[in-house]
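This report refers to the structure that appears directly beneath it.
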Protein chains: 2
Amino acid sequence: MFSNSTKYAIKATLYLAVNSSENEKVVISDIAKPINVPKAYIAKILQALSKKNLISSTKGPKGGFYISEENKQVKIAEIVNAIDGETRINSCLLSLKECDSGNPCSLHHLVYKEKQLIIERLGSTSLEELAKHIKSGKSVLPL
Amino acid sequence: MFSNSTKYAIKATLYLAVNSSENEKVVISDIAKPINVPKAYIAKILQALSKKNLISSTKGPKGGFYISEENKQVKIAEIVNAIDGETRINSCLLSLKECDSGNPCSLHHLVYKEKQLIIERLGSTSLEELAKHIKSGKSVLPL
DNA sequence: AATAAAATATGATAAAAATCATATTTAAGA
DNA sequence: TCTTAAATATGATTTTTATCATATTTTATT
Ligand code: FES
Ligand code: FES
């Protein structure tokens, strides 16, 4: 469903949503370890997210990555699309050019409705919501 | 969701379900072309399926691949598991060791129920059913 | 101004997945 | 029994994805 990079992106972003703010920036090494992703790899991913303004960063001493007030409203789907692009998640299970109920592949009716529901949820769920969920112990941020 | 190989496996198997029987065997070249998959590649996949008795084959002249009466009851999930293994489709979106509602990752509640429903459907839908669907024009076998 | 601590940009390497190729085995038909 | 048409087994190559490394830029602190 997601590429490895996107999984890492989500994990890292959630980590930031839980553990950072404009005046509690987090340095790459301190993100990489708890989410169990190689430092150089997660660095690249965070740079891409930062470039698209989905997370925030500042260079230099006392710098680091963080989730600004605005970033809190970023939706999971935005993270996914930033890394995987929009095509991957929306494409037909059997590789028709497009997944279209007017010209459905043989598996379409088995999955489309539920898949759309999931995609909608990813599009409406913000980092802030999930961070609250994690903080209250209802879900766990995996390593 | 599925690997490329699994997609091809499903396409090829459905093609056979629609176009073959014990006395209408189909040769590799005649499968590869309509489903738009390289011959040598689909050959390898069909061989794997045949070895697991999900499809049938005979060697030599007049030989080829086909779907036997028994094979008609094969479920889509069996094809998927034969190629991708059982782990891939069942694994946690964020790579927890296992996807478990008792120890859910942050995305679990957004997807689990629907994902399970889809997996169940793949497990209960047979080649025969989908072949009928295709024959009646309700869905299309993609190239 | 100099230093150092951070992200950023860029590219190199390694691992996995997808694709291609070919020699071997089997069985039908002449 | 010989030839030929098919699957089967095995392995090589290519492409993609994941991972690692490093030089550059920016900015806070001294
Ligand atoms: S057309 Fe294939 S999943 Fe929708
Ligand atoms: S625990 Fe992650 S999807 Fe279920």
Side-chain angles (χ1 to χ4, degrees), chain A residues 1-13 16 20 22-33 35-68 71 83-85 87-88 91 95, chain B residues 1-13 16 20 22-33 35-68 71 80 82-85 87-88 91 95:
Chain A
M1 185 153 193
F2 301 144
S3 71
N4 234 314
S5 294
T6 289
K7 285 185 193 178
Y8 292 169
I10 295 173
K11 292 207 284 180
T13 318
L16 287 175
S20 80
E22 183 139 17
N23 42 21
E24 293 174 284
K25 290 161 194 160
V26 184
V27 129
I28 281 199
S29 326
D30 293 342
I31 304 174
K33 193 163 334 152
I35 65 173
N36 196 32
V37 175
K39 207 172 114 176
Y41 192 8
I42 197 63
K44 207 172 215 175
I45 292 170
L46 290 176
Q47 283 164 25
L49 295 176
S50 177
K51 204 168 188 178
K52 302 202 175 189
N53 296 311
L54 300 175
I55 65 175
S56 306
S57 68
T58 57
K59 286 178 168 184
K62 301 275 163 181
F65 293 95
Y66 63 100
I67 294 292
S68 69
N71 295 155
I83 307 293
D84 278 347
T87 314
R88 178 180 182 131
S91 62
S95 302
Chain B
M1 186 155 193
F2 301 144
S3 71
N4 236 312
S5 295
T6 289
K7 286 185 191 178
Y8 292 168
I10 295 175
K11 292 207 283 179
T13 317
L16 287 175
S20 80
E22 182 140 17
N23 42 19
E24 295 175 283
K25 291 162 193 160
V26 184
V27 127
I28 281 199
S29 324
D30 294 343
I31 304 174
K33 194 165 329 152
I35 65 173
N36 197 32
V37 174
K39 207 171 112 176
Y41 192 6
I42 197 63
K44 206 172 214 177
I45 292 170
L46 289 177
Q47 285 163 24
L49 294 176
S50 176
K51 204 169 189 176
K52 301 202 176 189
N53 297 310
L54 300 176
I55 65 176
S56 305
S57 68
T58 57
K59 285 179 170 183
K62 301 278 163 177
F65 293 95
Y66 64 99
I67 294 293
S68 68
N71 295 155
V80 174
I83 307 294
D84 278 347
T87 313
R88 180 181 179 129
S91 63
S95 301

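Side chains of A:I83 and A:L49 form a contact here, defined as non-hydrogen atoms less than 4.5 Å apart. A:T13 is not listed as a side-chain neighbour of A:I10, based on a closest heavy-atom distance of 4.5 Å or more. Between B:Y66 and B:E24, the closest side-chain pair of non-hydrogen atoms is not below 4.5 Å. Looking at B:L16 and B:I55, their side chains come closer than 4.5 Å, going by heavy atoms from C-beta outward.
The nearest whole Å value for the distance from the OH atom in B:Y66 to the C1' atom in D:dA7 is 12 Å.
Closest approach of B:A32 to B:K39, counting heavy atoms only: CB-CA, 3.8 Å. The two residues A:M1 and A:D84 make their nearest non-hydrogen contact at O-OD2, 4.4 Å. Nearest approach of A:V26 to A:D30, heavy atoms of both residues: CG1-CB, 3.8 Å. Minimum heavy-atom separation, A:S5 to A:I45: O-CD1, 3.6 Å. The minimum heavy-atom distance between B:L54 and B:A82, with the atom names listed, is CD1-CB, 3.6 Å.
Legend: residues meeting ring-ring contact (aromatic ring centres under 6.0 Å, His included) with B:Y8, ordered by chain and number and at least two apart, are B:Y41. The side-chain contact (heavy atoms from CB on, under 4.5 Å) search around B:S57 returns B:S50, B:F65, not counting sequence neighbours.
Between A:N36 atom CG and A:K11 atom NZ the span is 6.0 Å, to the nearest 0.5 Å.
Rounded to 10°, the angle separating the first-five-pair axis and the last-five-pair axis of the helix from C:dA1-D:dT30 to C:dA30-D:dT1 equals 0°.
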Which letter, B, S or -, goes with each nucleotide of nucleotides 11-20 of chain D from 5' to 3', with contact meaning a protein heavy atom under 4.0 Å? BB-----SBB
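As judged by a 4.0 angstrom heavy-atom cut-off over every strand, A:I28 is placed among residues touching the sugar-phosphate backbone only.
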Distances for protein N/O vs nucleotides 26-30 of chain D N/O pairs under 3.5 angstrom?
residue, atom, partner, partner atom, Å
D:dT26, O4', A:K59, NZ, 3.3

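Once you apply a 4.0 Å limit to the heavy atoms of chain B, the touched nucleotides of DNA chain C run 5' to 3' over C:dA18 to C:dG29.
Looking at B:N71, its side chain does come within 3.5 Å of a backbone N or O of B:S56 through a donor-acceptor pair.
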